[in-house]
Amino acid sequence: MKILEEIQSTIVKGLSTIYNHDANAEDILISQTRKEFQGDYTVVVFPFVKILKSSPNDVGNKLGDHVVQSLESVDSFNVVKGFLNFSLTHEYWKNQLSDISSDDSFGIHPRNGKKVLVEFSSPNTNKPLHLGHIRNILLGWSCSQILDAAGYDVIKTQIINDRGIAVCKSMLAWQKFGNNETPESSDTKGDHFVGKYYVLFEQKFKVEYAEWQKTEKGQQVFSELKKGEQSEEDFFGKYKNTYFNDYSELGNEAKDMLLAWEAKDDAIRNLWMMMNSWVYDGFNETYKNIGVTFDKLYYESDTYLLGKKTVDEGLEREVFFRQDDGSVWIDLEDVGMDQKIVLRSDGTAVYMTQDIGTAMVRNSDFGVEKMVYVVGNEQDYHFKVLFEILKRLGEPYADELHHLSYGMIELPSGKMKSREGTVVDADEIMVEVINEARAGSVDRGEIAEMDKQAQEDVLRKIGLAALKFMIIKVQPKKGMTFDPKESVDMQGQTGPYVQYAYVRIQSVLRKFENKDYGSYDSYKELNEFELALLKEIVEYPRLVKDSAENYDPSSIANYCYNLGKMYHRFFHEVRILTAETEEAKAFRLQLSSAVANVLEKAMSLLGIEMPAKM
RNA sequence: GGCCCCGUAGCUCAACUGGAUAGAGUACUUGACUACGAAUCAAGCGGUUGAAGGUUCGAAUCCUUCCGGAGUCACCA
């Protein structure tokens, strides 16, 4: 990409010598020429027209002339309105291909020595993972890979919500109704097994609540507390939490269990550890299938008490203030936020306290320069507050915190709700997409000829590619809809489409096991398809950097699709093995190889594997 | 109600961060396998970028006001 800087600085010089005007290189806006115009790179000259008191055409022509004469790689230029288009020499592009082909770390930026911690997935232990988690995991994983490629040292982590009243609900339900059933004895994946008991608790509680509503006490509460003409249904719908806390037997038992857990009661802790181990076995299986790993796990049971000391210190420094009842708050009204509680009146930690403490621990564990939290957009406000607090506490990394906020995946019928059984389960959807790939491969010779294990491997790669690509290609902050009834697409703007471009290349290159494609030194005239591919490949390193800066894997996905599309077009229009000349053949083989490398690298940043055949 | 996010072709998404005639896929209608793999390629159809103002050489993008949708405003996490 050095050429862009050369053009910029040449234009700066030109402005200075021709117009006696000083400009900064960064002010020269330069981009790829749109394909409907002739040229490779375009400089927008509008901004200078006014200052120079000259017509766009005039400025364009003079600067264009200057650049063409100064730079050997620039072949010609044309001016359309205020756009100055440069065409680079074919020699230049040919050299680009040589450079890229000999660069094993193409698209991988030099280490910048900075550590960044990325938190993602962060499940609750009482429910299996669902499609929303898949989006979270894919974003977190691909972001980690992209940051790594952009030069950071990345620590992938998650915080596991393994405590609290919800966890006690499933424990209690198992204790009361489980008859010592285990995942093994019931042949159920551990996380689904525990999830089943969480749902069971909710069902039993619902029954208990419904019965209570009919009792004298229930009716009394209703008539005393209802607002105006509020219906019984509406009232009890809203009263549920209060009932759970004040009257429910099951609620009391669950709360007692939580107290026992906090008091480190042996029996409860053992039960807790046993059920957790079931859940983790299940989660690990899912992570393995989806293809992600973590460098470090944090458990809420270890971190929920953290942060209290920090709050005390902050209190002394008057970052926080104490109210009469003993609770501790921070006042953020001067920056347009509310007052927020950071410690309960009984001195125990809230969510915010925990997150403050966790950030500190992570910093002392790793000495991070940067942290990224992949968490759904319903927590936008929480992270705004958290980041502001860390800033006021003077944490050194406070300016480098980022909440990678993403939108919800909705079903055509609306939100996924676990209580209504409308969640798309992570394990199930992965099986489904692989089956979908299988259905699409029935009359494909290449796959039919493989042995069973190789077949399954390829089908897994294809199915997961379809699923992952579909999710990653959408910008994180946008919500998306997913219709489980319509199968995941395998055609068009999809993962398998990109894989297929790669597979086509492999099938050609297989004929040259030694990678000796011959010399293309004397190859002179590149055609439009070759040029288009080269231009796109050359963009890759910059794209990685942009994507890392914006925390946006979707731009990589869209790039992969575009490059794949260009290659399919090229493949259709241009002969490779039966090219007009030996030089042309050598060049196209080398070009194809470069495309395949970039596709493989870029897709792997997204956690998508490429099959050699499909 | 306060704050925040979103609104682009029937549907799913783009648009190089303010640049040229808003592009892809899908669906629908056609055409291309005895040339390196048809999970492919090509052509057609499809738009007042939610609406109205404003800023400027130039707006889907920035500002204002509306309309529609999601989220959040817990001593839950």
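Order of the sequence lines sets the chain letters (A, B, ...), proteins ahead of strands, with each chain counted from 1.
When the nucleotides B/A20, B/C16, B/G37 are ranked by their closest atom to the side chain of A/F37, B/A20 comes out on top.
Using a 4.0 Å heavy-atom distance criterion, A/P47 is classed as a base contact. No engagement by A/M470 is indicated, since no non-hydrogen atom pair under 4.0 Å with the nucleic acid exists. Using a 4.0 Å heavy-atom criterion, one finds that A/I462 contacts the bases of the nucleic acid, with or without backbone contacts as well. When heavy atoms are screened at a 4.0 angstrom cut-off, A/T481 is found touching the sugar-phosphate backbone but no base atom. Looking at heavy-atom distances under 4.0 Å, A/F571 makes contact with a base. Looking at heavy-atom distances under 4.0 Å, A/N85 makes contact with a base.
B/A39 has no stacking from A/Y497 on its base ring, since the centres under 5.5 angstrom apart and planes within 30 degrees of parallel are not both found. The ring of A/F83 lies on top of the base of B/A20, close enough and flat enough: under 5.5 Å between centres, under 30° between planes. For B/G19, the base is stacked against the aromatic ring of A/F46, per a cut-off of 5.5 Å between centres and 30° between planes.
A salt bridge links A/K461 and A/D457; the closest N-O separation between the charged side-chain nitrogens and carboxylate oxygens is under 4.0 Å. The pair A/E410-A/K415 does not meet the salt-bridge criterion, since no charged nitrogen lies less than 4.0 angstrom from a carboxylate oxygen. Classification of A/E580 and A/K585 as a salt-bridged pair fails, no side-chain N sitting under 4.0 Å from a carboxylate O.
Cation-pi geometry between A/R569 and A/F529 is not satisfied (NZ or CZ under 6.0 Å from the ring centre, within 45° of the ring normal).
Using the Watson-Crick or G-U wobble rule with both distances under 3.5 Å, B/U56 pairs with nothing in any strand shown.
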